[in-house]
Amino acid sequence: MSPPYSQGWSGYLCTECYAIKRRFSSSFSQVFCCLYLPFWPLILLSGYYSLTDTLAPGTKIHMVGLQNYADLILHDTRFWIALRNAVLLGIGFIVLQHPLSIFFAVLLDRIGGKAEKIFRTIFFIPCVISVVVISKMWLSLLDPTFGILNKLLAAVGLESLQHAWLGESSTALGTMLFILIWAGFGWGLLFYYAGVKGIPEDLYEAASLDGASGLKLHLRITVPLLKPVIAVQVTLAMITALKQMELVFLTTNGGPGDSTQFIAVYLYNKAFSASQYGYANAISILFIVVCLVATYLSNKFIRSDAAEA
Amino acid sequence: MRSRYKTGIWIFFLIVALLQLFPLIWLVDFSFNSSADFYSDHILKWPTDPQWQNYKNAWIDGKFLKYFLNSVLVSGVTIVLTVVLSLTLSYAFTRMQWRMRSFFFSVILLGIMIPIHATLLPNFAIFKQLGLTDSYLGLILPYTAVSVPLGTFMLTGFLRSIPKAVEESAVMDGCSIYRIVFQIIAPLMAPALVTVVVTTFLNCWNEFIMASTFLSKDALKTLPFSVMNFAGQYSSDYGSQFAVMVLTSVPAIVIYALFNEQITKGVTAGAVKG
Amino acid sequence: MAKHKKWSGLTATAAVLASVTVLSACGNNGNNNAAGSASASPNASASSGAASSGAASNEKVTLRLFSNLPDRKSGQGLAEQTVIDNYIKENPNVKIDVEALAEEPFKNKLKAYMASNEPVDITMVHGGAELSTLVQANYVKAIDPAAYEGEQFNFLPGVYKSFTFDGKLYGLPRNSDYEVIYYNKKLFDDNGVKVPTTFTELTDAIKAFRAKKIAPMSINGKDLWSFGELYQNIVQRYSGDQNLILDAVEGKKKFTEDESFLKAAQYMAQLRDDKLFQDAFMTADYGASQNLFTQGKAAMWYMGSWEAGMATNASLPEEFRNNLQVAKFPIAEDGKGVATDLIAWNGGGYALVNSSKHPEAAKKFFDYLFNANQWAKVAWDTGAAVPAQKYELTGKESEVQKQLTDVLVQATSTPGASFIDYGTPKFKDDVQNAFGKFFSGSQKPEELVAALQAAADSQ
């Protein structure tokens, strides 16, 4: 039985109601999957709009073919800047946040006892704070006039390092990365901590009998054994970086001068502020494609990795 | 030697924890101060004259209680739906053999990838047609739609690690599929389910773009929206803005404190086995 | 490509000048200050009575008003709410639900409403580019300009420019908007700085304030549009021609050809490099830039006439309010513009919505709102804004209001439109982005001018 997509999802649901009685094991799942079909009309609708130059839904529709895509890929430097920023942010996560998380996870495992529990709890707290609060809070903290970071720098005589942080092109993206690490560090830590907890103690003992210690010990035992966790986390990091929206939207709105532009923000502003709805839809289709390619690539990476392990 | 090593970690952790919590401490501290104090030279300022007015503004003009209850309702229903759907789906994907299984699995997982903001406008138009804007359902449905893929992804990993033997004997005894999933499998998956609950909770609790687009009626609005709008209303009063931010953060921290152990267990169990 | 429809013909300068003359009478009365004013104003009770009578039905109606004024307790939000309360008092069968969002969420939500044809009854609209999208989506209703003539409404001439498309009027403006420099007199006096009247004095003031570690001028850089007004202001000061920049938007002139554009860009580069604006101006939204100024941390604030209410806002520090003054935008020594050339337009207003479920009741309230003794009077009396209608001076005006009135009354020319709103929404977005790039980096003036030309070409 092949699912009759063309009838729309509700029609499909009904045929399946009958099927439930017949073969519940298969229908049980297909029905729920079909609840997901409403997503697809949205994407199809997006695809349709992406071929037009409509200003907003409800206005005159004029087909322009693939013009939007051509403009986007060939001429739109802002789109590529947004994509580049996402990649830079992803690399930032992988190079900074993850090693840091692993390092803390190992220390947390070593310290043991009550402290292990206390610090595990504390380090996770920023993860539960709303992004609205996080962005407003950091905007204030980093404000050059009344924020404390610059006050602290002045207090220790490092006035030369003072910046407008989020307000300067050169520091904005880095600052954004810092805030995201502050807010997301706890999640990474938790997952790596779980991974570290799963490594049998005797492996370490055996290795230390061989004379390995400290960093070497961890490079030889911890990191390889954490590989599956790392693979999943790296995929999630890339996705997070690509889909970055709320924090940017609430702090810099892509500025100054596109230095923190991200695809989701760009597309939102194109659709809402610039009234280029057709164009914005072309961005969103391309965005989905980019996300899929990224997942595919990292999935491949995970698979090959799992095969090794 | 061993204990000196541990004391070292202790001190290091203490410093890091302080640095990490400092922004929050600062937030709380200044929520008790007046706007003028923000421009003083103090890094932290003991509120000699605590501005309870800030919290009064936040509570009354921020309509905290009303928005809070809305947030609880929307998050609560979303969590229940997400857990039921992700649990059943993950069971179907790991245990059942059916046509197009892997196709549907990819379809669901694509849900993680779809940038929700890309679908905001068509979504609004469709919801409008269905009469779902300005209703709790208008938020619950998209929130669930976003949470289920991630939940399914987490649960399938965990479920693969549970031996099939348990269910096989249950099937022999003639158990129905629903009993197997909800009475036998679900308890075994408790830690992973808690993780799904908490991630879903955090996502719904903090979401604001859909909330501000889909809802017009004041009676339905959720907390993050109140922070946003409060900032417009009290744009010149940082103290009150901070107070509303503190109030919004407290419930999430409390919930986290309550489930802290289970989350760790859930993640640990999942990671070790998956 | 559906070519964007231009609203109304271009040269309305004559009409605007006429408006100013009309207003002068009113302003002069104000300068006498003794009596209220002699300028004709409708009898309050008579006209409101007229508005509330007619179509007298007792059927309960709930109207939906969508507004961009979330603060209902001061400024324009209070004025809007006051009018609503007045109306409800006179029409107990009517209830008015206000949905008020802050500026950015408001704009986005309005798009969503437009997309779904939401039956709001009356909405706040921004004239120009944004309203043109609403018009194309057939979301807002055309109204008859003839119905709003005469003393009951008392609109100043030429104020419909940003609300007229293809010869049809789609909304009414609520304010006369014009850019001025608000400044903190105490900061200037204490530091021995002269309030700048020329570009050289402005750059001198920057240096003096920077030496004292005071931000010379606060601006809402995150919102970007203030840069557009600033540029228009500077271009005008060099060219002396209000229409030059509007012509360039329409493609009749080129940004890259008239040297005023380049000169203005060069001066902007100088302001940027001398650090005219506060340190984090690119992340400052409206509220943040205002706070910096009202807390006495910035000497000037480049903002519109709608901020007249600052002087009477009790939540601001008293010392600040006593020292708040208004200055005209400085002139270029080597330019043709004069200090009385004013960058004025009518930005914000209200429109009736086509999908309204109570079109008649909505129209009735709409007319009431624009009654000369409602919005215009309330907004002026409370110091919330400078209306787009003739207003009477009450003699109780704050110093700031008087200064703002003087600026308007003395104006010798106005463009009637803000250039960023004179093209398509895409043009606005591109232009604002160009300014964002320019102010956050070290772009050359030539690059800015080229980017502006590119934006005008591609709309």
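We use all heavy atoms of the structure for the numbers below, so side chains are in, but hydrogens, waters and symmetry mates are not. Because the structure is predicted, anything quoted here is derived from the model rather than measured.
A donor-acceptor pair under 3.5 Å is formed between the side chain of A:W182 and the backbone N or O of B:Q20. Side chain of B:E207 to main chain of B:A211: a donor-acceptor pair is present (N/O by atom type, distance under 3.5 Å, no hydrogens or angles). Side-chain N or O atoms of B:T248 include none that pairs as donor or acceptor with a backbone N or O of B:L223 at under 3.5 Å. With hydrogens and angles ignored, the 3.5 Å screen pairs no side-chain donor or acceptor of A:Y49 with any backbone N or O of A:A282. Side-chain atoms of B:N260 never come within 3.5 Å of backbone atoms of B:Y256 as a donor-acceptor pair (strictly under, hydrogens ignored). Distance alone, capped at 3.5 Å, places no donor-acceptor pair between the A:S273 side chain and the A:K270 backbone.
Rounded to the nearest 0.5 Å, atoms CG (B:L141) and CE (B:M210) are 11.0 Å apart.
In this structure, the side chains of A:L267 and A:Y279 stay at 4.5 Å or more apart for every pair of heavy atoms.
If you measure heavy-atom distances from B:F30 to chain A, you find no contacts under 4.5 Å at all. Contacts of B:I253 with chain A are made by both backbone and side-chain atoms, with heavy-atom separations under 4.5 Å. For a residue to count as touching a neighbouring chain, one of its non-hydrogen atoms must lie under 4.5 Å from one of that chain's; by this rule B:F201 does not touch chain A. Neither the backbone nor the side chain of A:I199 comes within contact range of chain B; no heavy atom of the residue lies under 4.5 Å from a heavy atom of that chain. Contacts of B:W205 with chain A are absent, with no heavy-atom separation under 4.5 Å from either backbone or side chain. Proximity to chain B is limited to the side chain of A:F185, based on heavy atoms less than 4.5 angstrom apart. Contacts between A:F123 and chain B at a heavy-atom distance below 4.5 Å involve backbone atoms as well as side-chain atoms. Heavy atoms closer than 4.5 Å to chain A are found in both the backbone and the side chain of B:F13. If you measure heavy-atom distances from A:Y192 to chain B, you find no contacts under 4.5 Å at all. Contact of B:I255 with chain A is not made at all, since no heavy-atom distance falls under 4.5 Å.
Heavy-atom pairs under 4.5 Å with chain B peak, among A:Y268, A:F104, A:F249, at A:F104. Top candidate by heavy-atom pairs under 4.5 Å with chain B, chosen from A:V131, A:L250, A:L242, is A:L250. Contact count versus chain A (heavy atoms, under 4.5 Å) is highest, among B:V227, B:T199, B:V198, B:L24, for B:L24. Across A:S140, A:C127, A:A280, the residue that shares the most heavy-atom pairs under 4.5 angstrom with chain B is A:S140.
Residues satisfying the side chain to side chain donor-acceptor pair (under 3.5 Å) test with A:S275, not counting sequence neighbours, are C:K111, C:T133.
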